[in-house]
Amino acid sequence: MEEAQVVESKDGTISVASAFPGHQEAVKDRDHKFLSRAVEEAYHGVDIGHGGPFGAVVVRNDEVVVSCHNMVLKNTDPTAHAEVTAIREACKKLGQIELSDCEIYASCEPCPMCFGAIHLSRIKRLVYGAKAEAAIAIGFDDFIADALRGTGFYQKAHLEIKKADGTGAIIAEEVFEKTKEKFQLY
């Protein structure tokens, strides 16, 4: 049997090409199936008035754990994006906060909040459909895609950010030291 071939793309990402004949095509078909489910979920969420056209599916062992859509309008919650909602529901359903044996399929490139949630949940793989620019083009501005890419357009937020100093900073930092024994993460 041949060994796997490591391929580096122009953007610096690295992938491993499997030596098994047809493997890449099978992965492509599988990804298409779950991504299509995320897109269906996006349409469904819009049709019933729950929120924007975004869907996400969490998968474990080739089985859908949860299929969710944007719930911002329904829940009156600006954090109820499809990916965050899917992660919350998957964690509840599986009874765990770490989803390292799961993948997430998102109809659109995740915003920074959703990407942060994906990262914090330890999901092992993200597959997304549309680029953030498709959503930005119809008025969704929560992507901060330009800030992540260094072009700075969305860095002009109307938000003052200041780190506390003095006693406020000290007592906020002490909480970590004083509670560290109570947490055994991952």
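Everything numeric here is computed off the predicted structure, so don't read it as measured data.
- Considering OH of Tyr128 and CD1 of Ile118, their distance stands at 11.0 Å, rounded to 0.5 Å.
- Contact between Ile123 and Ile104 at its shortest, heavy atoms only, is CG2-N, 3.8 Å.
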(message) What verdict does the side-chain contact (heavy atoms from CB on, under 4.5 Å) test give for Leu94 and Cys102, after you've listed the backbone C-alpha separation in whole Å, the side-chain angles of each residue and the deciding distance to 0.1 Å?
(response) CA-CA 11 Å; Leu94 298 173; Cys102 296; 4.1 Å; yes
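- Connection of Leu126 to Leu99 is established within a shared hydrophobic cluster, with ILVMFWY side chains joined at heavy-atom distances below 4.5 Å, either directly or through further cluster members.
- Each of Val59 and Val65 belongs to its own hydrophobic cluster when Ile, Leu, Val, Met, Phe, Trp and Tyr are linked at side-chain heavy-atom distances under 4.5 angstrom.
- Of all non-hydrogen atoms in Ala117 and Val84, the two that sit nearest each other are CB-CG2, 4.0 Å.
- Leu73 contributes atom CG, which lies 10.0 Å from atom CE of Met71 (distance to the nearest 0.5 angstrom).
- Cluster membership for Val64 and Ile87, using ILVMFWY side-chain heavy atoms within less than 4.5 angstrom, is not shared.
- The residue from His44, Glu41, Glu89 that alone fulfils the side chain to side chain donor-acceptor pair (under 3.5 Å) condition with Ser67 is Glu41.
- Note on Phe54 and Val46: separate hydrophobic clusters, where clusters join Ile, Leu, Val, Met, Phe, Trp and Tyr whose side-chain heavy atoms are under 4.5 Å apart, directly or indirectly.
- A donor-acceptor pair is defined here as one N or O able to donate and one able to accept, closer than 3.5 Å; no such pair exists between the side chain of Asn61 and the backbone of Glu63.
- Glu109 approaches Ala132 most closely through the heavy-atom pair OE1-N, 2.8 Å.
- Gln96 places a side-chain N or O within 3.5 Å of a backbone atom of Glu98 that can act as its donor or acceptor partner.
- The heavy-atom pair separating Ala80 from Asn75 by the smallest distance is CB-ND2, 4.1 Å.
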(request) Report the C-alpha distance between Asp62 and Arg30 in whole Å, list the side-chain angles of each, state the deciding distance to 0.1 Å, and finish with yes or no for side-chain contact (heavy atoms from CB on, under 4.5 Å). (result) CA-CA 8 Å; Asp62 286 333; Arg30 181 180 172 281; 2.2 Å; yes
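- Panel note: side chain His81, backbone Pro78; a donor-acceptor pair is recorded below 3.5 Å.
- Remark: Ala42 engages Ser107 in a side-chain contact (heavy atoms from CB on, under 4.5 Å) (not counting sequence neighbours).
- In this structure, CZ on Phe140 lies 9.5 Å from SG on Cys108, to the nearest 0.5 angstrom.
- For residues 66-80, the pairs satisfying salt bridge (Lys or Arg N to Asp or Glu O under 4.0 Å) are Asp77-Arg88, with sequence neighbours left out.
- When the options Arg60, Arg125, Lys124 are evaluated for a salt bridge (charged side-chain N to carboxylate O under 4.0 Å, His left out) with Asp101, the one that passes is Arg60.
- Atoms CZ and CG, from Phe115 and Leu120 in turn, are 10.0 Å apart once rounded to the nearest 0.5 Å.
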